[in-house]
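Below: one structure, written as structure tokens.
Keep in mind the model is a prediction, meaning the values are calculated, not measured.
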Amino acid sequence: MPYVDRQNRICGFLDIEENENSGKFLRRYFILDTREDSFVWYMDNPQNLPSGSSRVGAIKLTYISKVSDATKLRPKAEFCFVMNAGMRKYFLQANDQQDLVEWVNVLNKAIKITVPKQSDSQPASDSLSRQGDCGKKQVSYRTDIVGGVPIITPTQKEEVNECGESLDRNNLKRSQSHLPYSAPKPPSDSAVIKAGYCVKQGAVMKNWKRRYFQLDENTIGYFKSELEKEPLRVIPLKEVHKVQECKQSDIMMRDNLFEIVTTSRTFYVQADSPEEMHSWIKAVSGAIVAQRGPGRSSSSMRQARRLSNPCIQRYTSRAGECSTYVGSHANVPS
């Protein structure tokens, strides 16, 4: 689900068809920044990327004319919506129907600008009142009709460089690599409660790396990716004292951060959204309650799965966060 980050920008993960009509969707982290008049996307949350990492693509909000559901245009692409930007259509996939509706709403709200009526052959200048960065309130725009789509372009020289980096008018830069969001593992006999990608802090170097986490009835473990068979580490739930939202998130400058406190170490884990963070906290807490309760009946484990909002759902052909495998392994330090 889109969420508001520390800089008051709307953020979240989506899949985008970066090359038009390719049919190949790649997982990207999107930032909608109305103050910068931009909608940009990165390989991952910039908090998890090396300092100075460049974005994968960018569109000025003034170039986007409409955002709408694309179910009929792309019936094979689940939870798909489309952004119309000039002569190009950008197709994106949300995580679920609610995610789709929220992204369509926030994008349409961000691009909502009153354009005066005019004939297709007569471009007009329009002074639009927009609250911009660095205190700019009045910006002059020119409105052109291209292919029946209104394209709004600033008529004065951009001044954004005085306070930040100017946005590139080229819509996209081709990506050279992508995050490990490949197809999930097939279901196994182990009772997996929840699985998916998160970012964790290392024990020694204190660097942040994306890992594939899996929670079952007895353990929570993490792998280098969902394609790996052997976990980097497995944490027995009997050693976990508590799981909670991290109280040091402001100091550590991390959104959606929670902590798994064990006898020997506190694991700091960052989820992709507030909803995912709370889902992991409920999942692990529910599994601990079920394990330590009076007996380990099937009803207690069903209750743990209900608390977890389990990851046993769609994610078939799409790059997903969900899988179902955790076994009992010896601890291997990461």
Exercise. Within a strict 4.5 Å, meaning less than it, do heavy atoms of the Ile31 and Trp41 side chains meet?
Worked result: no
Exercise. Would Lys194 and Ser279 count as having a side-chain donor-acceptor pair, cut-off 3.5 Å?
Worked result: yes
Problem set entry | Distance-only donor-acceptor check, side chains Gln270 and Gln47, under 3.5 Å | yes
Exercise. Do other residues, nucleotides or ligands put more than 12 heavy atoms under 6.0 Å from Asn207 CG?
Worked result: yes
Problem set entry | Short side-chain donor-acceptor distance under 3.5 Å, Asn45 and Arg210 | no
Problem set entry | Glu78 vs Gln93, side chain to side chain donor-acceptor pair (under 3.5 Å): CA-CA, chis, key distance, verdict | CA-CA 7 Å; Glu78 200 170 16; Gln93 281 185 290; over 6 Å; no
For this session: Would you mind reporting whether Ile260 and Val240 have side-chain heavy atoms less than 4.5 Å apart?
Result: yes
Seminar exercise, completed: Value for CD (Gln97) from CG (Asp69), rounded to nearest 0.5 Å, stands at 6.5 Å
For this session: Go through Tyr42 and Tyr29 one step at a time and tell me if the ring-ring contact (aromatic ring centres under 6.0 Å, His included) criterion holds.
Result: CA-CA 5 Å; Tyr42 293 81; Tyr29 185 83; 7.5 Å; no
Exercise. Do Gln291 and Glu217 have a side chain donor and acceptor closer than 3.5 Å?
Worked result: no
For this session: Mind checking the OG-CD spacing from Ser273 to Glu276? Nearest 0.5 Å is all I need.
Result: 5.0 Å
Exercise. To the nearest 0.5 Å, what is the distance between CD1 (Ile288) and NZ (Lys238)?
Worked result: 13.5 Å
For this session: Kindly indicate whether the side chain of Phe223, heavy atoms from C-beta on, has any atom under 4.5 Å from the side chain of Lys229.
Result: no
Problem set entry | Side chain proximity check, Val82 to Leu73, heavy atoms < 4.5 angstrom | yes
Exercise. Quick one: which of Arg27, Arg28, Arg55, Arg88 gives a salt bridge (charged side-chain N to carboxylate O under 4.0 Å, His left out) with Glu18?
Worked result: Arg28
Exercise. Can you find a pair of side-chain heavy atoms, one from Leu237 and one from Ile220, that are under 4.5 Å apart?
Worked result: yes
Problem set entry | Within 45° cone of Phe91 ring axis and under 6.0 Å: Arg74 NZ or CZ | yes
Exercise. Sequence neighbours excluded, which residues qualify as side-chain contact (heavy atoms from CB on, under 4.5 Å) partners of Lys66?
Worked result: Ser68, Asn84
Exercise. Does the Asn108 side chain pair with the main chain of Val67, one donor and one acceptor, at a distance under 3.5 Å?
Worked result: yes
Exercise. Which residues satisfy the side-chain contact (heavy atoms from CB on, under 4.5 Å) test with Ser53, sequence neighbours excluded?
Worked result: Leu49, Pro50
For this session: Report yes or no: is the cationic atom of Lys200 (NZ for Lys, CZ for Arg) under 6.0 Å from the centre of the six-membered ring of Trp208, at an angle within 45° of the ring normal?
Result: no
For this session: Mind listing the closest non-hydrogen atom pair of Asn48 and Val199 along with its distance?
Result: ND2-CG2, 3.3 Å
For this session: Find the distance between CZ (Phe81) and CG (Leu92) and round it off to the nearest 0.5 Å.
Result: 4.5 Å
Problem set entry | Worked check of ring-ring contact (aromatic ring centres under 6.0 Å, His included) between Phe30 and Phe39 | CA-CA 7 Å; Phe30 287 78; Phe39 189 48; 5.2 Å; yes
